[in-house]
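Along the sequence shown, the residues carry numbers beginning at 1.
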Amino acid sequence: MADRDWQSLALELVEASSDAPSRDSMFQRVFQILRSRFGFEHGSVLAFDSDAVVIWNKSRSYERVWLEARQRYSRELMPMLEAAARSRHVVADRDVLALAERERLSFYAEYVRPLRVKSYAAVLLGRGAAQSQAISFSRERAAGFQLQELELLRRLRPTLSLLSRLFPTAPGPGTCRPRASAELTPREAEIAHYVARGLRNSEIALLCGCSPFTVRNQLVSIFRKLDVSTRAELAMYLHGAR
C-alpha cells in the first residue's frame, strides 16, 4: 500500500469533516467517504462510556436498541475489544469470535443479524488501554474484511481518533464551546477551541490547513491577549473558570 494512498484518504476525511456542524453529520461524511474505499453497507459509532451513538445507513431504531442494551452489549463484546487492543485496535469479528459464539450473543441476535450482516469490522478509539468507542463497518455479503483493508483502517485510526475528539461523546466541562472573546481573531478563536479540546499543535495544523509553526505563533498571540501561560490555563479561561 503506497503511503500517498492512505495519506490522501486521511486528508480527504479531515477536509470533509472540519466544518461539520455536529458529531452526527461529521461521521455521516466519514462513512460516505470510507464506503467508496471499502464497500460496506452499514456503519455505526458506538460509545461504551456514554449514550452517544451515530447510525449510518440504518433505521433509527438501531439507535434505540443500542441505548437500551449498551451495558449488556459492552460486556458481551469485551473479548472482541480486548482482541482489538492486541491487534493494534482494529479487528474483524470472524478473527475473534467463531460462528457458534456469535450465535449465542444477544448483540448479534438483536443488533447485527436484523441487518443481514455477514461480516463486521471495528476500529477501537480511546487513549492508552481504555477503549471508549468503536467505529464499525458491516457488510451484507459473505466476503469478510481482508488483511490489507484492516491495515488501511489501522493507518487511518489516528485520523478517525482525531475527528472523534472534535465532538466528545460525554458532555462535561471539557466539551463546551469557548466563550466569546472580542480580543481573538476568528482563526485564533478556532485554534483556542481545539486547544481546549486537548488537540496537539500538529493535529490543529492539519484541521486548519496550516503548519504547526503557524499554530505555535498563533498560540503565543492567544496567550498574550488572554493573559494565560499554559494550555491548561487557556482551557480554564475559555470554559469560564476565570
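- A distance of 6.5 Å separates CG of Leu160 from CG of Leu34, quoted to the nearest 0.5 Å.
- For the pair Glu140/His42, a side-chain contact is recorded, criterion being any heavy-atom separation below 4.5 Å from C-beta on.
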Should Phe27 and Ile55 be marked as a side chain to side chain contact (heavy atoms under 4.5 Å, CB included) after you check the CA-CA gap, both sets of side-chain angles, and the distance that decides it?
CA-CA 9 Å; Phe27 276 112; Ile55 302 296; over 6 Å; no
Worked verdict on Glu110 versus Arg72 for salt bridge (charged side-chain N to carboxylate O under 4.0 Å, His left out)
CA-CA 12 Å; Glu110 301 166 2; Arg72 174 161 51 90; 3.4 Å; yes
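- The shortest distance between side-chain heavy atoms of Arg200 and Glu203 falls below 4.5 Å.
- Contact annotation: the side chain of Val54 approaches that of Gln28 to within less than 4.5 Å [non-hydrogen atoms, C-beta and beyond].
- A salt bridge links Arg113 with Glu103: at least one charged nitrogen is closer than 4.0 Å to a carboxylate oxygen.
- Using a 4.5 Å heavy-atom threshold, the side chains of Tyr120 and Ser136 count as touching.
- For the pair Leu234 and Leu219, the minimum side-chain heavy-atom distance is below 4.5 Å.
- The residues Glu149 and Arg139 are annotated as salt-bridged, a charged nitrogen and a carboxylate oxygen being separated by less than 4.0 angstrom.
- Between the side chain of Glu101 and the backbone N or O of Ala98, at least one donor-acceptor pair lies under 3.5 Å.
- A donor-acceptor contact shorter than 3.5 Å links the side chain of Ser22 to the backbone of Ser25.
- Taking CG of Leu46 as the reference point, atom CG of Asp51 lies at 11.5 Å (rounded to 0.5 Å).
- Rounding to the nearest 0.5 angstrom, the gap separating the CG atom in Leu207 from the OG atom in Ser17 is 9.0 Å.
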Test side chain to side chain contact (heavy atoms under 4.5 Å, CB included) applied to Cys208 and Gln218, step by step
CA-CA 12 Å; Cys208 294; Gln218 294 276 3; over 6 Å; no
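- The backbone N or O of Gln7 sits nowhere less than 3.5 Å from a side-chain atom of Arg155 that would complete a donor-acceptor pair.
- For the side chain to side chain contact (heavy atoms under 4.5 Å, CB included) with Leu124, the qualifying choice from His89, Gln133, Arg88 is His89, the only one to do so.
- Taking the charged nitrogens against the carboxylate oxygens, Lys225 and Glu188 do have a contact shorter than 4.0 Å, which makes a salt bridge.
- No side-chain heavy atom of Val45 sits under 4.5 Å from any side-chain heavy atom of Val53.
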Please step through side chain to side chain contact (heavy atoms under 4.5 Å, CB included) for the pair Phe223 and Arg231, ending with a clear verdict.
CA-CA 9 Å; Phe223 283 8; Arg231 299 168 88 93; 4.2 Å; yes
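- Among residue pairs with one or both ends in residues 135-159, those qualifying as ring-ring contact (aromatic ring centres under 6.0 Å, His included) are Phe31-Phe137, Phe40-Phe137; sequence neighbours excluded.
- Looking at Glu15, its side chain never comes within 3.5 Å of a backbone N or O of Leu13 through a donor-acceptor pair.
- Atom OG in Ser221 sits 13.0 Å away from atom CZ in Arg187 (nearest 0.5 Å).
- Between Phe107 and Trp66, the angle of the ring planes goes over 60°, which puts this pair in the perpendicular group of the 30/60° scheme.
- Around the CZ atom of Arg116, the shell of radius 6.0 Å holds no more than 12 heavy atoms that belong to other residues, nucleotides or ligands.
- Between Arg102 and Glu76 there is no salt bridge, since none of the side-chain N atoms of the basic residue sits less than 4.0 Å from a carboxylate O of the acidic one.
- Residues Ser164 and Ser161 bring no donor and acceptor atom of their side chains to less than 3.5 Å of each other.
- Put simply, the side chain of Val112 does not reach to within 4.5 Å of the side chain of Leu105, judged on heavy atoms.
- In this structure, a donor-acceptor pair under 3.5 Å is present between the side chains of Tyr111 and Ser44.
- Among the candidates Arg35, Lys58, Arg141, the single residue satisfying the salt bridge (charged side-chain N to carboxylate O under 4.0 Å, His left out) test with Glu41 is Arg141.
- For Tyr62, there are no side chain to side chain donor-acceptor pair (under 3.5 Å) partners two or more places apart in sequence or in a different chain.
- Note that CG of Leu150 and CZ of Phe38 are 8.5 Å apart. Values are rounded to the nearest 0.5 Å.
- Remark: Ser119 OG to Asp95 CG distance equals 11.0 Å, nearest 0.5 Å.
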Test side chain to side chain contact (heavy atoms under 4.5 Å, CB included) applied to Gln32 and Trp56, step by step
CA-CA 9 Å; Gln32 289 284 4; Trp56 182 80; 3.9 Å; yes
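- Side chains of Glu63 and Leu67 form a contact here, defined as non-hydrogen atoms less than 4.5 Å apart.
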